[in-house]
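Here the structure is laid out as structure tokens; the discussion comes afterwards.
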Amino acid sequence: MSVARLVSALQFCPVICAPRSRDPAPSLQSRLFNAMLRQLPYKQQLASAEAVQAHVQKLALQPASFEPTGLGRGVEATLTKMGGWPVYYTAPSLGHEGCNFVMFLHGGGYINEIVPAHWRFVGEMTRKAGVVCVVPIYPLAPRATAKDVVPATAELLRMLLEDAGPAKVTLVGNSAGAGLALAACQWLRDHGHRQPNQMVLISPAADASVSRPEQIEIAKHDPIQDIPGIVEAGRLYAGELDVGHPFVSPLNGAFRALAPMTIFAGTRDLLYPDSIDLAARARAVGVPVELHLLRDQPHNYALMPTPEGRRARAMILRAVA
């Protein structure tokens with residue numbers, strides 16, 4: 001069966017694929033999806049620094065499109081420019097008067113453009129939660145680095161918070177975008193600006209050093225990521241900064257007075273120990289945190305067409321509505 005047909009089948013898997021109540025084991029659908037992910041080239045692209053450099057060089061010659069695709073019916077998208085960046089606004093076609101707001105920061109290791117899976121998630125939030133989504137198309141490394149990207153992202157968020165008035169503003173990020181979200185909120189606090197109402201962090205990339213001893217073993221079971229490539233992508237994004245700088249590794253920043261956080265992570269994600277540490281550090285200084293750590297789930301499981309992914313997205317939709 002082709003990858004496309006397998007994904008299609010998984011999306012419409014019958015109820016028997018769902019895990020039994022209170023059963024901590026991953027669903028059959030999730031196990032199949034993990035197996036499928038291992039057949040795709042994601043992990044090979046992160047297997048070495050050289051692989052990442054070759055990928056970046058290819059993208060420099062053939063930049064990927066960032067235009068919305070897969071938003072689905074009932075969603076309108078508008079493109080504008082803010083601070084020199086393309087920024088998309090998506091809104092329900094029936095009108096957005098009185099809607100709450102979401103700023104979505106996409107993943108991709110700071111070197112990859114937003115992809116259709118991200119846009120499908122944006123469309124789902126817009127349509128089902130009835131929110132206006134603001135999607136900055138931030139510039140990628142190595143052309144742009146954390147020194148400029150973090151303050152510029154924070155400034156866009158500051159302007160959104162001002163424009164939103166009494167409406168709720170949720171900052172949602174996945175992977176690298178979740179790391180950027182956390183760094184932007186730390187910047188806002190340090191410069192005396194208010195926080196969004198909440199952060200939703202999906203498989204956050206919070207420490208670019210990937211230096212925990214246990215991550216070497218976890219990497220063997222991660223179907224998507226590998227340590228050398230993540231380290232190289234972090235180095236490119238860091239630019240002239242040290243990879244331990246909070247702009248690059250916000251786990252090293254301060255957590256006092258940040259917005260409440262909801263974090264999604266899985267134990268087949270080599271980054272998941274950072275999510276545990278992130279939750280602990282935030283709670284220690286009084287920041288409300290919900291950590292949803294699922295057994296044997298891969299990186300970004302919350303965006304995947306599995307029962308676990310659908311449950312995570314349902315929680316996110318309730319949170320942002």
Side-chain angles (χ1 to χ4, degrees), residues 6-7 10-11 13 17-40 42-43 45-46 105-109 115 117-118 120-121 124 172-179 181-182 199-208 210 212-227 229-230 233 250-251 261-283 289-319:
L6 179 56
V7 171
L10 287 170
Q11 288 174 329
C13 191
C17 287
R20 295 187 302 275
S21 177
R22 299 179 183 176
D23 184 358
S27 66
L28 172 60
Q29 187 173 345
S30 175
R31 296 196 297 272
L32 289 171
F33 202 78
N34 266 310
M36 184 200 74
L37 288 172
R38 287 197 172 274
Q39 306 307 311
L40 299 177
Y42 301 128
K43 195 175 182 82
Q45 292 173 355
L46 292 171
L105 300 174
H106 71 83
V115 297
H118 296 135
R120 286 193 292 272
F121 179 49
E124 187 174 9
V172 180
N174 79 287
S175 192
L182 182 57
M199 280 188 270
V200 175
L201 306 176
I202 301 167
S203 300
D207 183 356
V210 199
R212 298 173 186 269
E214 64 268 31
Q215 288 175 309
I216 297 173
E217 184 62 30
I218 299 169
K220 298 176 184 177
H221 306 284
D222 188 322
I224 300 175
Q225 304 176 110
D226 212 345
I227 294 173
I230 295 177
L251 188 62
M261 303 176 195
T262 301
I263 305 168
F264 295 89
T267 64
R268 281 189 184 266
D269 178 356
L270 67 85
L271 301 182
Y272 93 83
D274 294 335
S275 290
I276 296 175
D277 201 2
L278 166 58
R281 294 187 191 189
R283 286 172 179 151
V289 179
E290 288 183 18
L291 173 60
H292 300 278
L293 178 63
L294 267 62
R295 171 182 164 189
D296 286 341
Q297 292 304 306
H299 188 67
N300 280 337
Y301 84 85
L303 301 187
M304 293 181 178
T306 61
E308 292 85 353
R310 287 188 281 273
R311 285 195 293 272
R313 292 196 298 281
M315 285 188 274
I316 294 170
L317 293 176
R318 288 194 294 271

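One-based numbering along the sequence shown.
- Within the 3.5 Å criterion, the main-chain N or O of Q225 finds a donor-acceptor partner in the side chain of D222.
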R283/L291 under side-chain contact (heavy atoms from CB on, under 4.5 Å): CA gap, chis, key distance, verdict: CA-CA 11 Å; R283 286 172 179 151; L291 173 60; 4.0 Å; yes

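- Between A205 and P250 the shortest heavy-atom distance is O-CD, 4.4 Å.
- Ion pairing of D277 with R212 is present here, as a side-chain N (NZ or NE/NH1/NH2) and a carboxylate O approach within less than 4.0 Å.
- The existence of a salt bridge linking R268 and D296 is confirmed by a sub-4.0 Å separation between a basic side-chain nitrogen and an acidic carboxylate oxygen.
- Looking at every heavy atom in both residues, P26 comes nearest to R31 through O-NH1, 2.6 Å.
- Between the side chain of T306 and the backbone N or O of S30 there is no donor-acceptor pair closer than 3.5 Å.
- R38 places no side-chain N or O within 3.5 Å of a backbone atom of I224 that could act as its donor or acceptor partner.
- Under the 4.5 Å side-chain criterion, counting only non-hydrogen atoms from C-beta, P204 is in contact with S275.
- Side-chain contact check for L270 versus I227: some heavy-atom pair is nearer than 4.5 Å.
- Considering all non-hydrogen atoms of both residues, V289 and A279 come closest at CG1-CB, 3.7 Å.
- Residues M315 and T262 fail the side-chain proximity criterion, which asks for heavy atoms closer than 4.5 Å.
- The two atoms that bring Q29 and P305 nearest to each other are NE2-O, 2.5 Å, heavy atoms only.
- By the 4.5 Å heavy-atom criterion applied to side chains, T267 and L294 are not counted as neighbours.
- Side-chain contact between R311 and I316: absent, with no pair of heavy atoms (C-beta onward) separated by less than 4.5 Å.
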Worked check of side-chain hydrogen bond (donor to acceptor under 3.5 Å, both in side chains) between S27 and E308: CA-CA 8 Å; S27 66; E308 292 85 353; 3.0 Å; yes

Working for side-chain contact (heavy atoms from CB on, under 4.5 Å), residues H292 and E290: CA-CA 6 Å; H292 300 278; E290 288 183 18; 3.1 Å; yes

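- Taken from CG in D274 to CG in L201, the straight-line distance is 12.5 Å, to the nearest 0.5 Å.
- Looking at E124 and R313, their side chains come closer than 4.5 Å, going by heavy atoms from C-beta outward.
- The shortest distance between side-chain heavy atoms of L182 and L278 falls below 4.5 Å.
- For the pair H118 (side chain) and V115 (backbone), a donor-acceptor distance under 3.5 Å is present.
- Side-chain N/O atoms of Q297 and D269 include no donor and acceptor closer than 3.5 Å.
- At least one side-chain heavy atom of L37 sits under 4.5 Å from a side-chain heavy atom of P298.
- Looking at every heavy atom in both residues, S203 comes nearest to L271 through O-CD1, 4.4 Å.
- Under a 3.5 Å cut-off, the side chain of Q215 and the backbone N or O of Y272 do not form any donor-acceptor pair.
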Chi angles and distances behind the side-chain contact (heavy atoms from CB on, under 4.5 Å) call for N300, F121: CA-CA 12 Å; N300 280 337; F121 179 49; over 6 Å; no

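- Residues G107 and N174 come closest through the heavy atom pair N-OD1, 2.9 Å.
- Using bins of under 30°, 30° to 60° and over 60° for the plane-to-plane angle, the ring pair Y301/F264 lands in the perpendicular bin.
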